[in-house]
Amino acid sequence: MVQACIFDLDGVIVNTAVYHYKAWKKLANELEFDFTEAQNEKLKGLSRMRSLQLILEWGGVDKTPLEQQELAAIKNSWYVDMINRMTPEDVLPGAAAFLQQVRAAGIKTGLGSASKNAGLILEKTGLLHLFDAVVDGNTVTASKPDPQVFLQCAKLLHTRPAHCVVFEDAIAGIEAAKAAGMKVIGIGDPAVLQGADEVVKGLHEMSVERLTQKAKSKKLNPEAKSKKLKA
Ligand code: B16
Ligand code: MG
């Protein structure tokens, strides 16, 4: 039985990957190397500092921890300039409607994001009131694929992990949800998100009815199969 839905933010509720890309590219170019969209894909779901470390590795540039902090702050100021201009129109198709439907059905909603800017994004897009709990990059000490973000969220929602369904677009996030003992619906390409129990193109394809059906399916609920076999 699904008692809570936990949503990743970037790639599920909004698409801020494009702003991350622009800001990281500008930083890479100032350091005199390039940064591609394909590389940006690999950063999805990873923390800001882990992203920077990978970018510096790809560019063959060595920086001290203090310099890394400064570079991350510069990138973040460019990124924040862009997200400050976000409006409710930037919410991905079907996301607000699905959140409202889930809540109307008595299912709790939580946010489980790696972003330290999650609060600002939810405020700018007018979605904050649709979440019962928000866990983001400011509250966790270990980033995805560590399950901490989703476990903390389930705790705040007073729901056992087995009764939570996570919506995620990144491989690191799917691994985190699985490690937390939760069901996970991938948002994106099934060929990429192979670890997910199910994959849909976006929340516009979801409804509470479909969520309940998916939760009953053998893939999302392996216990159903073994109980049936035993009976
Ligand atoms: P910030 P999510 C993640 O958000 C992004 O996917 C990832 O690309 C970014 O590095 C991370 O947030 C940290 O973001 O710099 O704003 O703290 O997908 O976990 O919602
Ligand atoms: Mg994401």
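Both counts, for ligands and for their atoms, begin at 1 and track the order of listing.
- Among the atoms of E168, no N, O or S atom falls under 2.8 Å of the Mg ion (ligand 2).
- Not one N or O of K44 is nearer than 3.5 Å to an N or O of ligand 1, by distance alone.
- Taking both residues in full, the closest heavy atoms of E67 and T64 are given as OE1-N, 2.9 Å, listed atom of the first, atom of the second, then distance.
- Proximity of K144 to ligand 1 is established by a heavy-atom distance of less than 4.0 Å.
- Within ligand 1, the atoms closer than 4.0 Å to a non-hydrogen atom of L9 are 20 (O), numbered from 1 in the order shown.
- Within the 4.5 Å cutoff, the side chain of Q3 has no heavy atoms near those of the R160 side chain.
- D10 CB, 3.6 Å is the protein heavy atom nearest to atom 4 (O) of ligand 1.
- If you number the atoms of ligand 1 from 1 as listed, the ones under 4.0 Å from a heavy atom of L46 come out as 7 (C), 9 (C), 10 (O), 11 (C), 13 (C).
- Interface atoms of ligand 1 facing N117, defined by a heavy-atom separation under 4.0 Å, are 1 (P), 16 (O).
- At least one heavy atom of S51 sits closer than 4.0 Å to an atom of ligand 1.
- The distance from ligand 1 to the heavy atoms of K116 drops below 4.0 Å at these ligand atoms: 1 (P), 16 (O), 17 (O).
- At least one heavy atom of G45 sits closer than 4.0 Å to an atom of ligand 1.
- In terms of polar-atom proximity, defined here as any N/O pair under 3.5 Å, D169 makes no such contact with ligand 1.
- When only interatomic distances are considered, the shortest N/O to N/O separation between S115 and ligand 1 falls below 3.5 Å.
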